[in-house]
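Presented below is the structure to which this report refers.
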Amino acid sequence: MAFVKNLFDKNFIEYASYVIRDRAIPDLEDGLKPVQRRILHTLFEVDDGYFQKVSFVVGRTMKYHPHGDASIYGALVNLANKEIFIEKQGNFGNKFTGDGASAGRYIECRIHSLAKEFLVTNKAITHYIPNYDGRGEEPEVYRAKIPLALIMGAEGIAVGMSTKILPYNLKEVLEAEIKCLRGKPFEIYPDVSTGGLIDVSNYNDGNGKIITRAKLDTSDEKKIVITELPVDSNAKSLLASIDAAYKAGKIKISSVDNFTTDHCCIEIKLPRGVYAKDVVDSLYAYTDCEKSIACQMLVIKDNMPVAMSATEIIKYYSKKLTAIIKEELEFEQGKLTEELHARTLERIFVEERIYKKIEEQKTAEGVAEAVKKGFVPFRKELVHDITDEDIERLLAIPIRRISLFDINKNKDQVAAINARLKEIARRLKHLTDCAVEYLEGMIAKFAKFGDFERKTEISNISAVEVKQIAKRDTPLRYDEKGYIGIGVSGGQEILKVTPYDRIFVMRKSGIYTVCDVPQKMFVDTGMRYCNYAEKEIINKVLFTAIYRDPKTKYCYVKRCTVPSWIMNRDYLIVPDGMEVLHIDTRVKFKFTLTYEKKVRGKDVTQDFKAQDFAERGLKAQGFRVISKAVSSIQVEEDQGVFNFTGK
């Protein structure tokens, strides 16, 4: 058993780790899940400037992603609709209507030109690892220069954890990063291209919740037009929720017309006698026109799932951007330095006719040594000592290039290299300014490709509670068989209720219960009280319980209120083991006790007033009426007709 347990524990941990890191949760470094990263890697590989069939890209991606093509196709369409990674051609679906994309053989895509600027593919900077079968290489994570985790958003459910990152406005994110680099305060909030309203008062910087609403046009009092969608909605899902609410009788509408294309336009026409102001709250309460969305910014950071805030991600990327720019500048600096060294060697080799000295040599070693000695007088002009690789490169120069060597061109190349090296040295001293310059440039470039202004309006929204607007128009009935509920046919109507009400029920046995409005529930054939389970109502009801001790036959009176309760739990208003004779809610009434007759004696009765007994606590015992055995009780004006609400 221990072996089996250890085996299961090991396999579960491996599976959970795989789902968390390799499927469901995006990496903070580039904001991508593995399938998205592999799609982009494939697009970089096949990029020739032309559009490629999506089916072809999906097939090529399977070299790196060991799963079915359906998951790759879905991820590619979703990624293309972000409109910052992939340029698309054809029908990739409609985010407003909810229509899906065409089949992969009918649509085409290519890597976005700007993706090449904010995703670093240079293997000297981005770490590449073998793919799943070892036949190719893929990036472990891209070195992204902008906070893609925020710009894209993400949603995923892993083992024991989940992430829900709402997308942010690209321009606002980059501007916030600029402010962060300059040490200025900043705030950012989600923004979706479908518009709508959001309340961010409980957003907690990405780890709280938002309330989102559709934007409604009620200028015509007989018609409501939905002009913008709530977050995470489309016209199809919104219409389905409206239809369900109408069929359930929650909203009163005449007809619904959907004119949504590249923007939302849903017209709701109202019946006679119903106006827009009467329906708006019901739309918010019973349909997806208003939703509450819980958010959790869970990302993979250093191979571990970590909950971060939007502010923390912006700060992380600000430091990361300067680090990437530094690495790129240092890489270019090293490359140019080697280029300068090569141009200098080439000039000296030709100008000083060092190549003439190799004519007398008989061996390869002698040739190499002659070249090396030829550069000794010019050591101060070199960037570093001459190497064997340098010698091989010089010896490979064709005689034609030597004879046509242009000294002036070489000097111009060297001057250009020195100028660029000087500029790199300057930029390395001002990395923050370089980062700001890069971000401002990206904002300008993205603006040329589309409209990146905010679409979602931030507003203060008071959520509409369904209970507040629900009308109490459903009869709660109680029949002679002891059943109560809104599904009971016939019987006596007790209350008008909504499906969201709770009721308090007191049975003749002294047992009371609080429960949701039932469809049909058996309570008792002698129910004594029923009302809305609201404390301001129940706390004012004075219950009088007359009960008898089964052993002594003594009678007791207990008068009390019920201050609190727990839902769906039965309580007994009298002490346990007692026999309940009568339950009443009247403040004043008379009752007559009949005592057990003695041998050859007559029945003896005595009248009492309930109001003569003081009120006690719910858990206290009642007052003993008299120290005589009681055989029966008769209550004044109790002929079987009872007002269940105590009114």
Side-chain angles (χ1 to χ4, degrees), residues 478-484 492 494 503-515 518 521-531 533 537-566 568-597 603-647:
Y478 173 68
D479 65 14
E480 65 277 2
K481 295 180 180 179
Y483 287 94
I484 189 173
Q492 180 181 351
I494 302 172
I503 58 170
F504 179 101
V505 177
M506 176 67 78
R507 300 168 174 82
K508 69 178 182 180
S509 60
I511 295 174
Y512 62 91
T513 308
V514 174
C515 63
M521 179 179 74
F522 180 78
V523 287
D524 208 333
T525 53
M527 185 176 67
R528 302 305 295 168
Y529 180 79
C530 180
N531 210 335
I537 295 175
I538 304 302
N539 290 352
K540 294 178 182 178
V541 179
L542 181 63
F543 291 97
T544 301
I546 304 173
Y547 61 92
R548 181 173 63 176
D549 188 335
K551 296 179 180 178
T552 63
K553 301 295 179 72
Y554 291 164
C555 186
Y556 297 83
V557 174
K558 178 181 178 181
R559 309 193 84 194
C560 64
T561 58
V562 179
S564 61
W565 53 79
I566 296 175
N568 301 313
R569 178 181 292 185
D570 289 341
Y571 295 91
L572 186 61
I573 197 170
V574 301
D576 193 28
M578 297 294 108
E579 178 187 356
V580 177
L581 302 177
H582 181 71
I583 300 289
D584 213 306
T585 57
R586 293 175 291 176
V587 177
K588 297 180 180 181
F589 66 91
K590 294 180 181 179
F591 62 93
T592 302
L593 297 180
T594 302
Y595 306 130
E596 290 186 354
K597 62 181 180 180
D603 290 338
V604 179
T605 62
Q606 188 173 353
D607 296 332
F608 297 92
K609 294 179 180 179
Q611 58 269 27
D612 291 341
F613 296 90
E615 180 182 342
R616 307 196 75 171
L618 179 63
K619 296 183 179 180
Q621 292 196 2
F623 293 98
R624 185 188 298 175
V625 180
I626 193 169
S627 298
K628 293 183 179 180
V630 175
S631 62
S632 64
I633 182 173
Q634 180 67 36
V635 180
E636 178 187 41
E637 299 178 359
D638 181 22
Q639 283 103 29
V641 178
F642 192 77
N643 184 346
F644 291 106
T645 58
K647 298 179 181 177

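Numbering starts at 1 and runs along the sequence shown.
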### Message
Would you compute the distance between atom CD1 of Ile583 and atom CE of Met506 and round it to the nearest 0.5 angstrom?
### Response
5.5 Å
### Query
side-chain contact (heavy atoms from CB on, under 4.5 Å) between Val562 and Val541: does it pass, once the steps are laid out?
CA-CA 8 Å; Val562 179; Val541 179; over 6 Å; no
#### Entry: Thr594 side chain near Gln634 side chain, heavy-atom distance below 4.5 Å
no
### Task
Any chance you could measure Ile573, atom CD1, to Met578, atom CE, to the nearest 0.5 Å?
15.0 Å
#### Entry: Side-chain (Arg559) to main-chain (Val587) donor-acceptor, under 3.5 angstrom
yes
### Verdict with supporting geometry, Val630 and Lys553, side-chain contact (heavy atoms from CB on, under 4.5 Å)
CA-CA 6 Å; Val630 175; Lys553 301 295 179 72; 5.6 Å; no
### Query
Taking side chain as C-beta onward, heavy atoms only, is Arg586 less than 4.5 Å from Val635?
yes
### Task
Would you mind checking if Asp479 and Lys481 are paired as a salt bridge, meaning a charged N to carboxylate O distance below 4.0 Å?
no
#### Entry: Closest heavy-atom pair and its distance - Pro563, Thr561
CD-O, 3.4 Å
### Message
Minimum heavy-atom separation for Lys609 and Phe591, please, with both atom names.
### Response
C-CE2, 4.2 Å
### Query
Once you round to the nearest 0.5 Å, how far does CG of Asn531 lie from NZ of Lys540?
11.5 Å
### Query
Roughly how far, to the nearest 0.5 Å, is the NZ atom of Lys628 from the CD atom of Glu596?
12.5 Å
### Query
Is there a donor-acceptor contact under 3.5 Å linking the side chains of Tyr595 and Gln606?
yes
### Message
Ring centres under 6.0 Å, that's the criterion: do Phe543 and Tyr571 meet it?
### Response
no
### Query
If we only count heavy atoms from C-beta on, is the Ile546 to Phe613 side-chain gap below 4.5 Å?
no
### Over 12 foreign heavy atoms within 6.0 Å of CD, Gln621
no
## Note on the structure
In terms of heavy-atom contacts, Gly577 and Pro550 come closest through O-CG, 3.3 Å
### Task
Output all residues satisfying side chain to side chain contact (heavy atoms under 4.5 Å, CB included) with Ser564, sequence neighbours left out; order by chain, then residue number.
Lys535
### Query
Quick one: CG on Leu593 to OG on Ser631, what's the gap to the nearest 0.5 Å?
9.0 Å
### Query
What closest approach, in Å, do Leu581 and Cys555 show between heavy atoms, and which atom pair accounts for it?
CD1-SG, 4.1 Å
### Intermediate values then yes/no, side-chain contact (heavy atoms from CB on, under 4.5 Å), Ile494 and Met527
CA-CA 11 Å; Ile494 302 172; Met527 185 176 67; 3.6 Å; yes
### Query
Nearest heavy-atom pair of Val574 and Tyr547: which atoms, and what distance?
CG1-CD2, 3.5 Å
#### Entry: Taking every non-hydrogen atom, the tightest pair across Lys558 and Gly617
CE-O, 3.7 Å
Show me the donor-acceptor pairs within less than 3.5 Å that the side chains of residues 507-515 make with the rest of the protein, sequence neighbours left out.
{"from": "Arg507", "atom 1": "NE", "to": "Val523", "atom 2": "O", "distance (Å)": "3.1"}
{"from": "Arg507", "atom 1": "NH1", "to": "Thr513", "atom 2": "OG1", "distance (Å)": "2.9"}
{"from": "Thr513", "atom 1": "OG1", "to": "Asp570", "atom 2": "OD1", "distance (Å)": "2.6"}

#### Entry: Pairwise distance OH(Tyr478) to CE(Met521) - rounded to 0.5 angstrom
11.0 Å
